[in-house]
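Below you'll find the structure, written out as structure tokens, and then a few comments.
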Amino acid sequence: MIRLQEWIHKFEVGEGTRVVRMVLALLALVALAAAYDLWEYRNFSTAEAMDAAQLARHLSDGDGYTTSFVRPLSLGLVARHQLQTRQRTNDFSFLKSGHPDLANPPVYPVVLAGLMKALPFDWEISAGVVFSRYQPEVLIAFFNQALYFAAIFLTFHLAARLFDRAVAWITALVFAGSDLFWRFSVSGLSTLLLVVIFLGLIWCLVLMEQAAQESKRSSAWFFLMAGLSGALAGAGALTRYSFGWLIVPALVFFAAHLGPRRLALCAVALLAFAAVLLPWLVRNYEWSGTLLGTAGYAVVEDTPPFPADRIERSLKPNLGDVELIDCPRKLVVNLGAMVQNELPKLGGSWITAFFLVGLLVPFISKTLGRLRIFLLLSLALLTVVQAMGRTHLSTDSAEINSENLLVLLAPMIFIYGTGMYSLFLDQLNLPMAQLRHLVTGIFVLLACAPLIFTLLPPREYPLAYPPYFPPWIQQFGRYMGENELVMSDMPWAMAWYGRRQSVWTTLNIEDRKRGDDFFTVNDTHKPIHALYLTTLSMDARFYSQMLRGQDWAWGKFVMDSLVTTNGLPAGFPLRHSPTGPFLSNGHFFLTDWPRWKGYSQRSR
């Protein structure tokens with residue numbers, strides 16, 4: 001009886017109240033996730049998410065780090081480097097046996113591959129049922145939401161350590177109520193994994209800085225934590241290459257605040273960072289002659305010589321066309337846009353304003369001041385890196401894309417912003433504690449207002465259509481043999497839903513002189529058995545893009561095929577369509593023979 005009373009007392013006024021609060025908070029978070037997934041879930045809408053997922057499936061199937069989404073740029077890099085280093089003449093079997101992926105760092109696809117091994121993924125879409133959600137994408141969304149929960153947990157305890165538990169609870173509520181992060185949670189991107197890695201790096205810095213002040217830890221502990229910090233930065237770089245730049249402010253933090261061991265700790269962190277990253281860079285170089293594969297070309301993408309996705313669709317891009325002023329111009333233009341649009345609402349919340357005002361307020365805690373300097377250095381560095389690395393992916397999806405680096409800093413911005421709010425609240429001298437709670441409740445509600453309005457009617461349509469309608473894409477994929485090559489303007493979707501190797505549409509249908517055409521791939525690398533075009537090619541402006549534009553040859557190809565009396569160009573090898581006059585619901589599908597007839601017979 002006494003033991004029972006002790007337990008009751010503990011849960012009413014003792015340590016048990018914390019456990020109860022945590023359990024209730026977790027249940028509320030799960031309920032919020034269920035409501036969001038029920039009302040606002042949306043299938044993958046970005047090329048990056050489908051690309052990473054199909055790559056993970058190859059890994060889980062034991063195919064190695066190969067991809068079904070083949071970029072002409074990657075094809076040209078591998079072909080040229082393999083010919084130079086192995087003195088091959090015309091052997092391009094690397095495409096026939098599986099093309100190595102040169103666009104994605106490996107951590108996120110490897111993690112997804114483990115998930116695909118552990119859970120029952122159902123790749124097939126059943127015929128004859130109303131389609132709304134693709135089961136593998138739902139499972140990936142659940143996994144990313146688990147990462148989101150982990151990030152909220154880490155942020156809560158970090159805020160409690162840096163400020164107090166009141167600030168920690170407010171920060172956790174604001175973070176959990178971020179509409180932007182909920183959208184990332186169902187996007188299929190690696191952003192939330194990177195947020196967890198970044199918070200792990202912050203924890204290392206905080207623990208080391210506080211231990212250096214207290215002088216209670218051994219040298220071995222400091223070296224172990226420095227190695228862990230470097231390894232986390234390396235793991236982040238292998239999740240998204242641009243994350244690797246954060247090793248610079250981390251080393252500055254070590255050098256400025258960790259006493260006489262600073263140089264040795266910097267060396268250990270840098271060695272750990274290199275040890276994690278270097279083997280992958282060597283792998284890329286052995287395949288393509290470049291350290292970052294196709295990702296390294298992002299700096300010149302979206303410059304005047306290579307607008308939109310032009311460089312990735314080029315078999316032989318001429319970098320000599322890039323003038324000296326092009327990259328600085330890109331930096332200035334993108335920095336201007338970021339200062340106006342992204343920095344003021346970093347993380348999708350106006351709490352950034354409290355963080356910015358807080359820059360004028362000195363902190364008594366040395367840890368808070370030093371960590372804020374690290375955060376500012378990271379913010380400045382990632383702003384420049386994001387501006388220089390901006391590509392067509394940011395245009396295709398303005399906020400929800402892998403090039404959004406500033407969002408990684410949002411949890412720390414929320415912590416400092418909430419801490420600043422708490423200081424302001426203390427200055428109000430409210431007569432009653434209930435008023436303090438009321439003001440804080442209004443603060444949290446305003447911070448979470450975007451999510452609240454998102455959850456209100458009307459509901460989100462779960463399909464990212466147009467152009468993605470998974471049952472159609474998978475049906476077109478079923479017409480093809482497993483080892484046959486398709487050319488498409490959305491090869492990432494054909495690779496993910498259709499499970500067929502797909503090369504991005506080249507810059508031209510026929511251009512023997514430049515070698516950036518359909519026939520170069522078909523005749524030199526691997527025969528193309530189908531052409532799949534969608535509204536991505538056909539929704540161009542008629543005059544300025546289709547008729548006069550340099551990168552809309554395939555849109556003009558569709559238009560000519562539909563409206564001219566001669567139909568398809570003479571000599572074009574793909575002349576059969578399951579949709580009669582070629583076009584159906586914005587999808588244009590051609591093959592070398594009427595495969596759907598054979599497919600219908602086989603499926604009986």
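We number each residue from 1, following the sequence as shown.
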Self-check item: D61 and R499: CA distance, side-chain angles, deciding distance, salt bridge (charged side-chain N to carboxylate O under 4.0 Å, His left out) verdict
Solution: CA-CA 12 Å; D61 289 342; R499 304 189 68 176; 3.7 Å; yes

Exercise. Identify the residue among I528, L590, V70, L533 that makes a side chain to side chain contact (heavy atoms under 4.5 Å, CB included) with M487.
Key: I528

Quiz item: Do we see a donor-acceptor contact under 3.5 Å between the side chains of Y479 and E484?
Solution: no

Quiz item: Parallel, tilted or perpendicular for F572 and F557, by the 30°/60° rule?
Solution: tilted

Quiz item: Parallel, tilted or perpendicular for H587 and Y532, by the 30°/60° rule?
Solution: parallel

Practice problem: Please check if atom CD in E124 has more than 12 non-hydrogen atoms from other residues, nucleotides or ligands closer than 6.0 Å. | Solution: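 Yes, CD of E124 has more than 12 neighbouring heavy atoms, counting only those of other groups under 6.0 Å.
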
Practice problem: In sequence, state the C-alpha distance, the side-chain angles, and the governing distance for R42 and D37, and then conclude on salt bridge (charged side-chain N to carboxylate O under 4.0 Å, His left out). | Solution: CA-CA 8 Å; R42 199 165 189 240; D37 293 339; over 6 Å; no

Quiz item: Of F469, W596, F589, which is the lone residue that meets ring pair (Phe, Tyr, Trp, His ring centres under 6.0 Å) with F476?
Solution: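 Of F469, W596, F589, ring pair (Phe, Tyr, Trp, His ring centres under 6.0 Å) with F476 is met by F589 alone.
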
Exercise. Mind running ring-ring contact (aromatic ring centres under 6.0 Å, His included) on F121 and W123 for me, showing each step along the way?
Key: CA-CA 6 Å; F121 277 68; W123 307 113; 5.4 Å; yes

Quiz item: W492 versus T67: any side-chain heavy-atom pair under 4.5 Å?
Solution: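 No - every pair of side-chain heavy atoms lies 4.5 Å or more apart.
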
Quiz prompt | Derivation and outcome, ring-ring contact (aromatic ring centres under 6.0 Å, His included), residues W472 and Y497 | solution = CA-CA 9 Å; W472 293 347; Y497 298 118; over 10 Å; no

Quiz prompt | Heavy-atom closest contact (T391 atom, A298 atom, distance) | solution =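 In this case the closest contact between T391 and A298 is CG2-CB, 3.8 Å.
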
Quiz item: Any Lys/Arg nitrogen of E460 or R183 sitting under 4.0 Å from an Asp/Glu carboxylate oxygen of the other?
Solution: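 Salt bridge flag = no for R183 with E460.
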
Quiz prompt | Exam field: side chain S397 to backbone L393, donor-acceptor pair closer than 3.5 Å | solution =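 Such a contact is absent between S397 side chain and L393 backbone.
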
